[in-house]
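The structure appears below as structure tokens.
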Amino acid sequence: MLVEVTAVLASVIAAAALVAGVVALVATRRPALALGVFLDLLLAAGLLRLIGDPGWSAILTTAAIVALRRLIGAGLRAGGRAWSLPSIAGPRQENSAL
């Protein structure tokens with residue numbers, strides 16, 4: 001009984017993760033934030049699957065989601081720093097007197 005209930009709830013949360021990720025992207029126009037929302041809810045679904053069926057498949061799936069979340073988060077933070085570094089040539093000055 002517990003396995004069926006947690007499997008259904010995990011599927012509902014996985015679907016909600018997709019919807020919440022799209023809504024977050026549309027509302028904020030920040031892909032990093034939307035991806036974080038999506039992956040966090042997928043992690044919640046994976047943890048629910050572990051409650052119902054703590055087999056190796058569920059454990060590996062949840063571990064893969066955690067690893068993916070960490071790698072993507074680190075990549076986005078590194079990419080954000082690269083975009084915010086000052087230019088080597090300095091600020092661009094435009095000629096206002098034509």
Side-chain angles (χ1 to χ4, degrees):
M1 172 85 176
L2 182 62
V3 174
E4 292 86 15
V5 171
T6 56
V8 169
L9 285 175
S11 297
V12 169
I13 290 177
L18 185 60
V19 171
V22 170
V23 168
L25 180 62
V26 169
T28 64
R29 298 191 189 272
R30 294 176 52 199
L33 180 79
L35 190 59
V37 168
F38 174 67
L39 289 174
D40 284 345
L41 285 171
L42 278 184
L43 178 60
L47 291 174
L48 269 175
R49 286 192 193 277
L50 280 177
I51 291 171
D53 181 26
W56 283 109
S57 175
I59 292 170
L60 291 175
T61 301
T62 304
I65 293 170
V66 170
L68 186 65
R69 172 77 168 105
R70 301 282 297 188
L71 286 172
I72 290 173
L76 289 173
R77 282 189 299 277
R81 283 193 297 267
W83 281 101
S84 65
L85 291 176
S87 173
I88 294 174
R92 183 188 232 177
Q93 295 182 7
E94 295 185 21
N95 189 359
S96 60
L98 289 177

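Along the sequence shown, residues are numbered consecutively beginning with 1. The structure displayed is predicted, hence computed values, not measured ones.
At a threshold of 4.5 Å between side-chain heavy atoms, the hydrophobic network of Ile, Leu, Val, Met, Phe, Trp and Tyr places Leu60 and Val66 in two separate groups. Transitive grouping of hydrophobic side chains (ILVMFWY, heavy atoms separated by less than 4.5 Å) brings Phe38 and Ile65 into a common cluster. Residues Leu33 and Leu68 fall into different hydrophobic clusters, defined by Ile, Leu, Val, Met, Phe, Trp and Tyr side chains chained together at heavy-atom separations under 4.5 Å. In the hydrophobic cluster analysis, where Ile, Leu, Val, Met, Phe, Trp and Tyr join through side-chain heavy atoms closer than 4.5 angstrom, Leu47 is grouped together with Leu39. When the side chains of ILVMFWY residues are joined at heavy-atom separations under 4.5 Å, either directly or via intervening members, Leu43 and Trp56 end up in a single hydrophobic cluster.
When all heavy atoms are compared, the tightest approach of Pro54 to Ile59 is O-CD1, 4.0 Å. For the pair Leu48 and Ile13, the tightest heavy-atom approach, listed with the atom from each and the gap, is CD1-CD1, 3.3 Å. Of all heavy-atom pairs between Ala16 and Leu41, the closest is O-CD1, 4.2 Å. Shortest non-hydrogen contact noted between Val37 and Ala20 is CG1-CB, 3.9 Å. Nearest heavy-atom pair across Gly21 and Ala34 is O-CB, 3.3 Å. Scanning all heavy atoms of the two residues, the minimum distance from Ala14 to Ala45 falls at N-CB, 4.1 Å.
The line from CZ of Arg49 to CG of Leu9 is 10.5 Å long, rounded to the nearest 0.5 Å. Rounded to the nearest 0.5 Å, atoms CG (Leu35) and CG (Asp40) are 9.5 Å apart.
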